[in-house]
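All heavy atoms count here, side chains included; hydrogens, waters and symmetry mates do not. Just so it is clear, the model here is predicted, and its values are computed rather than measured. Proteins come first, then strands; the chains are lettered A, B, ... in the order of their sequence lines, and each starts at number 1.
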Protein chains: 2
Amino acid sequence: MSSHAITETVPVGASAERSTRDQILDASVVCFAYAGYSGTSLNDIAAEVGIRRPSLLHHFASKEVLYGEVFERLLGDWFARLVGAIDVPASGWKKVEGVLRAGFNFFADNPNYVILMRREAIDGGVHLGIDLAAVLRPLFDEAADYFRREMDAGTFRQQNAEQLLLTGYGALLSYFSDAPFLEGLLDENPLSSGALDRRSAHIIEFFQAALVPPDEPA
Amino acid sequence: MSSHAITETVPVGASAERSTRDQILDASVVCFAYAGYSGTSLNDIAAEVGIRRPSLLHHFASKEVLYGEVFERLLGDWFARLVGAIDVPASGWKKVEGVLRAGFNFFADNPNYVILMRREAIDGGVHLGIDLAAVLRPLFDEAADYFRREMDAGTFRQQNAEQLLLTGYGALLSYFSDAPFLEGLLDENPLSSGALDRRSAHIIEFFQAALVPPDEPA
DNA sequence: GCTCAGCCCTACCTACCGGTAGGTAGGACT
DNA sequence: AGTCCTACCTACCGGTAGGTAGGGCTGAGC
């Protein structure tokens, strides 16, 4: 209990401190995001929590199980946020803007999640039992259909809907996943509130310029 | 000398096969891209070449040195291609399109390079002696200046130049770095020639829509 | 022939990996 | 008191990591 390296602001509601299990999950997100699956040892995580590796394995059967649980928890949060933004009664550009903002804000709140997701996408999901693409597929198809409908209605410019989604995916996530690198290009912390505001404004402006026809004022 | 990318068909003129050193470098690109720095063992690379690990270490002093050399070689190739596209006598959208196409084609030819670069950007360059962002910085600033000049001249729509570059960076690279994942979304190999044509066309079309003002026909 | 450098090998080292075995402290419930 | 159970510990397992020592083979130059 001597070395509290990373103590986030603990919710001071019911219990004074989080359960060991939750502390492990929190530390795991940080470690896996920072060094990847194979670059993170269970000792690293245990040390962050302040326990020994066997004690960690008392809470999670194996490294793989722990990783899966970390990922599942974050994926669930993200899904909920996304679906919440999709289900608002809006249409046309306003809806796209809402979803873009929701995604952006979630990523800004959970930059480690973006890094985790990216690593997993690059690795093709080998560390995960689940098929990440298959999980996201329904949302992807739904979004593509939405774009196509708006394009056919003339609300959006005609473009390849799937490609459009991939472009948005890349533009949105790369900013967060590559933040350590981008800091060297921008001369400021990309996750500072000022930089985030600038990024958010650009994303919205850029996609509006690409999507909304010139004659249609948003 | 070393400017050859991965050539399967060995030139039968001077030497019957590539030097062991070059074979090691080639195998390293594949392995490091596939499994990352810490996920790749020197045994993996040596096995790919068909030698033992100590023999590999005869050619490269350490894993770190090997990795650095792999990266430096690819970075040099990419830089040359990029600068070549920048230095053509063109302006306005035509120049941007040329650079976009050059980047796209290089990435399509060297998908493993994109993955390597992505991994390094996520890791913040910890495995590299060099500062990746510092190396790319001059090109980044030059490009931003170019955009600003075109915007002021009215050739491009007014936007944040640096943010624009980041968006392009993300949209371009993510398609290649996350190809294993995207295959599950697209139901086809993202690196097949058909898929590449479709992606290339979209990238060009999309950025043109976002950059070129409605009244200016390219 | 001989030497000698270059290349590759086997054998070995230490450090660390994920995971297990077995034991202990202490709270709760009977 | 006796019995569970949770949570943690130390000690250890087999396996693998990166790296080193040193010997053998080969081919070019003499």
Query - Lys63(B) to Tyr37(B) six-membered ring, cation-pi geometry met (6.0 Å, 45°) - result: yes

Report task. Report the distance from atom CZ of Phe60(B) to atom P of dG19(D), rounded to the nearest whole Å. Result -> 13 Å

Query - Per Pro54(A) side chain, nearest of listed nucleotides dG18(C), dA17(D), dT10(D) - result: dT10(D)

Query raised in the report: Does the side chain of Ser174(B) come under 3.5 Å of the side chain of Arg118(A) through a donor N or O and an acceptor N or O?
Result: yes

Query raised in the report: If you pin Ala61(A) and Asp44(A) to their nearest nucleotides in DNA chain C, which one's is more 5'?
Result: Asp44(A)

Report task. Using a heavy-atom cut-off of under 4.0 Å over every strand shown, decide if Leu42(A) touches base, sugar-phosphate, or nothing. Result -> sugar-phosphate

Query - Ring geometry between Tyr113(A) and Phe71(A) (parallel below 30°, tilted from 30 to 60°, perpendicular above 60°) - result: tilted

Requested in this report: Answer yes or no: does a side-chain N or O of His59(B) lie under 4.0 Å from OP1 or OP2 of dG6(C)?
Outcome: no

Query raised in the report: Given dT20(C), dT10(C), dG18(D), which nucleotide is nearest the side-chain atoms of Arg52(B)?
Result: dT10(C)

Query raised in the report: Do the two ring centres, one from Tyr67(B) and one from Phe60(B), sit under 6.0 Å apart?
Result: no

Requested in this report: Return no unless some side-chain N or O of Thr20(B) is found under 4.0 Å from OP1 or OP2 of dC8(C).
Outcome: yes

Query raised in the report: Of Gly50(B) and Asn43(A), whose closest DNA chain C nucleotide lies nearer the 5' terminus?
Result: Gly50(B)

Query raised in the report: Touch check for Ser38(B), heavy atoms < 4.0 angstrom, all strands: base, sugar-phosphate only, or nothing?
Result: nothing

**Report entry** Protein-nucleotide distance (Leu56(A), atom CG; dC17(C), atom C1'), rounded to Å
**Finding:** 14 Å

Requested in this report: Give the rounded distance in Å between these two atoms: CG of Leu57(A) and P of dC9(D).
Outcome: 12 Å

Query raised in the report: At under 4.0 Å between heavy atoms, what does Ile51(A) touch on the DNA or RNA strands: base, sugar-phosphate, or nothing?
Result: sugar-phosphate

Query raised in the report: Has His58(A) got a side-chain N or O lying under 4.0 Å from the OP1 or OP2 atom of dA7(D)?
Result: yes

Query raised in the report: Rounded to whole angstroms, how far apart are CZ on Arg53(A) and C1' on dC9(D)?
Result: 12 Å

Report task. Report yes if the distance between the aromatic ring centroids of Tyr169(A) and Tyr175(B) is under 6.0 Å, otherwise no. Result -> no

**Report entry** Ile24(B) CD1 - dC7(C) P separation (whole Å)
**Finding:** 10 Å

Query raised in the report: So, is Ser55(A) close to the dA7(D) phosphate, meaning a side-chain N or O under 4.0 Å from OP1 or OP2?
Result: no

